[in-house]
Every structure is written in C-alpha cells, then in structure tokens.
Amino acid sequence: MNDLVKHALKFATKAHDGQLRKYTGEPYINHPIAVAAIVATVDHTPEMIAAAYLHDTVEDCGVTLAEIKERFGGKVATLVAYLSDVSTPYHGNRTARKALDLQHTALAPKEAKTIKLADLIDNSKSISALDPGFWQVYRVEKQNLLAVLKDGDPVLWEQAAAQCE
C-alpha cells in the first residue's frame, strides 16, 4: 500500500469515526474499505483507491473538496467531487435530487465511474438483503445510473447490472 493510499485510509477512518452503517450497524469505514477492495480487483491507480476510501467524506463528514485537494492532490479531489452528490434538499424530492446527481455522474471520468460501480455493488448487498422495500426504489435508481456508467470498468459494470436482475 503506497503512502497516498495509507494516508487516505487513515483520513477516512478518522472522518467516519463513530458512524455506523444504516442496515448492519457495523462501523461505517467498512463500506469505503469494501469499495476500495472492489476497485482493487480491476485496472486501477493509487489515486482511485484513495478516492474510494474518501468517496463519502464530503457528503457525510463535513470534509471539503478543498481539504481533499490539499491533502491528496487534484486528481483524488476531482474523483471525490464526481463521487459526491451535488444535490441538496433544496433541489426538491428524492426523484429530482437523483436526476440532478445522475447528470453530474454522467460527466465523470472513467476512473470515477469505476469507483461508483464499486460503491453501487457494495451498497446493493445490504440494501437488497435488509430493506426489500427500499431496494425497489434503489434498484431503479441504480439501473438509471448504470446507463451512464457504461464507460466504467466493464467487469464491475456487469457485476452491478447482475445485482439488478
């Protein structure tokens, strides 16, 4: 594990300290670790692994993109920016917010789309198993995302798509 990746894991672990996964109650950091592990199974860079660890810190921990850029560089910050929702509650209901976030994701580089696929794969496991009602909503949102994630890693795209069948 190179220094950038080690630093990202340490930073994300501290940022998510005390947070728990909604469905499993496990430490939240297990999710970014799982996403990074999935990304590591396909063609990747250290910046992608770092961004996988950091992908929820802006949305969930009050970390700014400026802080990510300062600590981890422009490439990692760009990936994290594309992995962070741009919508806020002021943008309307969930459907309106997800449509805005979908447009943002569609513009992402291949590397960010690969990380997003890994994120979807990991999230789908707990949602489909532990919240069948919400899975019906999430599944449709995921299928919409898959349409704009085609140029992410093809192996991960197939895995993510198979979860929706």
Side-chain angles (χ1 to χ4, degrees), residues 1-17 19-61 63 65 68-69 71-85 98 101-102 104-131 134-135 138-165:
M1 189 182 297
N2 78 14
D3 288 344
L4 175 70
V5 172
K6 284 181 193 172
H7 181 49
L9 175 57
K10 183 177 178 182
F11 183 90
T13 300
K14 184 175 179 184
H16 289 295
D17 186 46
Q19 295 178 348
L20 302 175
R21 291 286 284 163
K22 179 178 180 178
Y23 296 107
T24 63
E26 66 186 319
Y28 193 89
I29 191 61
N30 291 359
H31 169 63
I33 289 170
V35 172
I38 293 167
V39 171
T41 67
V42 297
D43 188 31
H44 65 278
T45 64
E47 290 82 8
M48 290 170 67
I49 301 297
Y53 285 135
L54 299 166
H55 80 274
D56 280 336
T57 58
V58 172
E59 284 179 24
D60 298 342
C61 303
V63 174
L65 286 171
I68 298 290
K69 184 176 183 181
R71 291 175 179 262
F72 302 99
K75 179 67 174 174
V76 173
T78 296
L79 294 172
V80 172
Y82 277 112
L83 294 163
S84 300
D85 289 343
K98 292 301 174 183
D101 295 332
L102 179 71
H104 175 68
T105 302
L107 301 173
K110 176 184 177 175
E111 297 88 351
K113 290 180 179 182
T114 295
I115 300 163
K116 184 65 176 178
L117 287 165
D119 183 37
L120 291 173
I121 290 166
D122 188 61
N123 279 332
S124 293
K125 293 173 187 174
S126 58
I127 294 170
S128 65
L130 301 172
D131 192 345
F134 181 60
W135 171 245
Y138 186 81
R139 184 175 168 267
V140 171
E141 293 170 353
K142 181 177 175 178
Q143 288 170 321
N144 291 337
L145 276 167
L146 287 171
V148 302
L149 294 173
K150 286 261 188 195
D151 54 338
D153 182 83
V155 171
L156 296 187
W157 192 94
E158 288 294 334
Q159 288 177 23
Q163 290 176 312
C164 292
E165 294 173 356

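Quick caveat, the model's predicted, so the values are computed rather than measured.
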Approximate separation, where rounding is to 0.5 Å, of [X] [atom1] and [Y] [atom2]:
X    : Y    : atom1 : atom2 : answer
I49  : L4   : CD1   : CG    : 10.5 Å
Y53  : I29  : OH    : CD1   : 8.5 Å
D153 : E158 : CG    : CD    : 10.0 Å
Y138 : D131 : OH    : CG    : 12.0 Å
E141 : N144 : CD    : CG    : 8.0 Å
T78  : L65  : OG1   : CG    : 8.5 Å

Using side-chain heavy atoms (C-beta onward) and a distance below 4.5 Å, is [X] in contact with [Y]?
X    : Y    : value
L149 : L120 : yes
Q159 : L156 : yes
F72  : V80  : no
Q163 : K125 : yes
F11  : I68  : yes
H16  : C61  : yes

## Note on the structure
From the list D151, L79, T114, side chain to side chain contact (heavy atoms under 4.5 Å, CB included) with P109 holds only for L79
### Task
With T105 as reference, evaluate D85, L145, L83 under the side chain to side chain contact (heavy atoms under 4.5 Å, CB included) test and give the passing residue.
L145
### Polar contact flag, side-chain donor to acceptor under 3.5 angstrom, S124-K142
yes
### Message
Do D56 and Y28 pair up side chain to side chain, a donor and an acceptor below 3.5 Å, judged on atom types alone?
### Response
yes
Can you name the nearest heavy-atom pair linking [X] to [Y], along with the distance?
X    : Y    : result
L146 : A161 : CD1-CA, 3.7 Å
G25  : L20  : O-CD2, 3.4 Å
A160 : L117 : CB-CD2, 4.1 Å
A50  : V76  : CB-CG2, 4.1 Å

Throw together a table of side-chain donor-acceptor distances under 3.5 angstrom for residues 35-46, partners on residues two or more places apart or in other chains.
unit_1	atom_1	unit_2	atom_2	d
T41	OG1	I38	O	2.6
H44	ND1	V42	O	2.7
T45	OG1	E47	N	3.4
T45	OG1	E47	OE1	3.4
T45	OG1	M48	N	3.1

Give a yes or no answer on whether the side chain of [X] reaches the backbone of [Y] with a donor-acceptor pair at less than 3.5 Å.
X    : Y    : value
W157 : G152 : no
E111 : K75  : no
R21  : E26  : no
H55  : K116 : no
K22  : I127 : no

### Task
Please step through side chain to side chain donor-acceptor pair (under 3.5 Å) for the pair H31 and D119, ending with a clear verdict.
CA-CA 8 Å; H31 169 63; D119 183 37; 2.7 Å; yes
